[in-house]
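Here it is, the structure, as structure tokens.
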Amino acid sequence: MEAIRKASRLAPLGALFAAGAAFATNGYFPDGYGMKASGMGGAAVAMTEDAMGGANNPASLVWVGSRLDLGLSLFSPERSASRSGAGFPTLDGSVTSGNTSFLIPEFGYNRMLGANASVGLTVYGNGGMNTSYPQGSFNCGQGAANMLCGSGSLGVDLSQLVIAPSAAFKLNDRHSLGISLLLGFQHFKAYGLQMFTGLSGAAGSVTNNGYADSHGVGLRLGYLGRLNDWVSIGAAWAPKMSMSRFDKYQGLFADGGKFDIPQHYSLGIAITPMPALTLALDYERIDYAGIASVGNPSTNQTALGSAGGPGFGWKNIDVFKLGVQWHVSDAWTLRAGYNHGSNPVTAQNVTFNIIAPGVVTTHYTAGFSWNLDPANEISAALMIAPRQSVAGSSLFNVLQGPGVGGNETIGMRQREFGIAWGHRF
């Protein structure tokens, strides 16, 4: 608890991240942490390129040297939702979310303690969920309404910040272990969900209550092994992080407002067949279904906010990240990558996910680093995720009767460009 109290003094830093939160790309986790990883499709578990090990693999930090990494990305998601074939034509229509530009910072610091140990600090965000739909031209039988039959605009804003102090040490000249303490902070609000208050056991804690905060403590463990001069392997695991409840939204999220951060783990390999060329492949598993408020089906026949109550119906996902890095010269390094994950959103849960359309599955990336001098470098990365959509029967067909809600489609595409400064001590 003392760690939580001390970390809470960093709340202004959390506000900085909250201001830039949006949908990330593998569900609501980013495709990669750190500008160099982002240029390689997120592949980083067996790489030792920067001080972002608290987010990727803490065991990597003892190999990167003393350094500071500061970055900023402009993230641009485009999200939309539509309904057609409803029994009441006034329920049909489409909306596009506002808030399409977000600034997302990143921070990493590592300090070597001799040749065989290091300590560091990584600050990163899991993106979050952010939608802001205008009211539109919908009519649910009692006058103008938004797409989910509430009043006014419709949306949510969830951001997750993690502060990760880390330590790493070498077992010998080829293998290392690392550990990160994860101090998690969440910031959330929902609005325009008045239609769902009658489905909740705590009607006053469903929507339009402003921002609520949550915090928790977790752990990330890592291993990195340099099997020989051209093959490295890595592994990292973070168990589920239990977060305090969103009291203002205990009638919305299952288990009285709980919104924990799911267990996730990664395995990676990096191969350097020649000194200038590195190929990296990561596999990541994110256990969204293990979080009741995220994984419970939206069709659960219990009250919103209750134990076992409805959630977003997200599945666990598998993510594959493939990257290539080419040292063109002492000054320039080029990168490219491909990231593909399974879709957490199913057709049976499309209505709830109008406010959380985390449906993007495929990402193409590119990047570079430019060494200004022996101590300083500039890195940049570009990500493009083509539009992906999911369609299914409206939940209104269950709540109001067959055919009432027709079919709904949610979709998103993304672009992101970032730049970072790295300084070696």
Side-chain angles (χ1 to χ4, degrees), residues 1 4 8 14 18 21 27-29 126-131 148 150 155-162 182-219 238-264 285-317 344-346 348-358 395 398-399:
M1 295 304 295
I4 284 289
S8 66
Y28 65 79
F29 278 37
N126 272 342
M129 302 178 182
N130 179 293
T131 45
L148 291 182
V156 296
D157 187 5
L158 168 72
S159 45
Q160 293 180 338
L161 169 77
V162 179
L182 307 181
L183 307 175
F185 301 87
Q186 297 185 128
H187 199 54
F188 176 79
K189 73 173 179 179
Y191 50 95
L193 297 173
Q194 293 88 349
M195 192 276 285
F196 292 95
T197 59
L199 305 176
S200 173
S205 300
V206 173
T207 190
N208 292 74
N209 288 328
Y211 280 104
D213 296 316
S214 169
H215 59 261
V217 177
L219 196 68
K240 181 175 74 172
M241 189 188 304
S242 179
M243 305 295 290
S244 60
R245 286 178 168 81
F246 287 120
D247 290 336
K248 293 182 180 180
Y249 295 96
Q250 60 183 312
L252 176 62
F253 291 133
D255 295 340
K258 288 282 284 182
F259 200 96
D260 297 334
I261 297 177
Q263 170 183 253
H264 50 287
R285 173 80 168 184
I286 307 174
D287 290 345
Y288 289 121
I291 308 301
S293 53
V294 178
N296 285 359
S298 60
T299 53
N300 278 8
Q301 299 298 305
T302 55
L304 280 169
S306 65
F312 291 92
W314 280 25
K315 303 183 301 181
N316 297 336
I317 67 170
V345 179
T346 66
Q348 294 80 9
N349 296 280
V350 67
T351 301
F352 264 42
N353 284 284
I354 287 172
I355 59 173
L395 187 62
V398 176
L399 299 177

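No hydrogens, no waters, no symmetry mates; every other heavy atom, side chains included, goes into these values.
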Compute whether any side-chain donor of one residue and acceptor of the other, for Lys258 and Ser214, lie under 3.5 angstrom apart.
no

Please check this pair: side chain of Asp157 against backbone of Phe188, looking for a donor-acceptor N/O pair closer than 3.5 Å.
no

OG1 of Thr299 to CZ of Phe352, rounded to nearest 0.5 Å, is 9.0 Å

Is there a side-chain contact between Pro297 and Asn300 (heavy atoms, below 4.5 Å)?
yes

Verdict with supporting geometry, Leu183 and Val217, side-chain contact (heavy atoms from CB on, under 4.5 Å):
CA-CA 5 Å; Leu183 307 175; Val217 177; 4.2 Å; yes

Side chain proximity check, Gln186 to Phe246, heavy atoms < 4.5 angstrom
yes

Give the C-alpha distance, both sets of side-chain angles, the deciding distance and a yes or no for side-chain contact (heavy atoms from CB on, under 4.5 Å) between Leu148 and Ile355.
CA-CA 9 Å; Leu148 291 182; Ile355 59 173; 4.2 Å; yes

Side-chain heavy atoms of Ser205 within contact of Asp247, under 4.5 Å:
no

Excluding sequence neighbours, so at least two apart, what forms ring-ring contact (aromatic ring centres under 6.0 Å, His included) with Tyr288?
Tyr28, Phe29, Trp314

With sequence neighbours left out, which residue pairs that include part of residues 287-298 fulfil the salt bridge (charged side-chain N to carboxylate O under 4.0 Å, His left out) condition?
Arg285-Asp287

Minimal non-hydrogen separation, Pro239 against Leu219, with atom names:
CD-O, 3.3 Å

Looking at side-chain heavy atoms only, is the closest gap between Phe312 and Val345 below 4.5 Å?
no

Looking at residues at least two apart in the chain, or sitting in another chain, which of them share a side-chain contact (heavy atoms from CB on, under 4.5 Å) with Leu199?
Phe196, Leu304, Leu399

Test side-chain contact (heavy atoms from CB on, under 4.5 Å), reference Leu252, set Asn209, Thr207, Val156, Leu193, output is Leu193

NE2-OG distance between His215 and Ser242, expressed to the nearest 0.5 angstrom:
10.0 Å

Could you please spell out the steps behind the side-chain contact (heavy atoms from CB on, under 4.5 Å) verdict for Lys189 and Tyr249?
CA-CA 8 Å; Lys189 73 173 179 179; Tyr249 295 96; 3.8 Å; yes

Asn126 side, atom CG; Met241 side, atom CE - distance, nearest 0.5 Å:
8.0 Å

About how many Å separate CD1 of Ile317 and CD1 of Ile286, when rounded to the nearest 0.5 Å?
4.0 Å

Do His187 and Leu161 have side chains that approach each other closer than 4.5 Å (heavy atoms only, starting at C-beta)?
no

Are the side chains of Phe259 and Ile291 in contact, using a 4.5 Å heavy-atom criterion?
no

Which distance, rounded to the nearest 0.5 Å, do you find between the CG of Leu158 and the CG of Asn130?
9.5 Å

Minimum heavy-atom separation for Gln250 to Ala202, with atom names?
CG-CB, 4.3 Å

Taking all non-hydrogen atoms of both residues, which atom of Gly150 and which atom of Gln194 are closest, and how far apart?
CA-OE1, 3.3 Å

Considering non-hydrogen atoms only, spot the tightest contact between Ser298 and Gln348 and give its length.
OG-O, 3.9 Å

Nearest-0.5 Å distance, CG of residue Leu395 to CG of residue Asn353
11.0 Å

Please report the closest heavy-atom contact between Asn316 and Ala289, naming both atoms and the distance.
OD1-N, 2.8 Å

Quick one: closest heavy-atom pair of Pro344 and Gly27, and the distance?
CG-CA, 4.1 Å

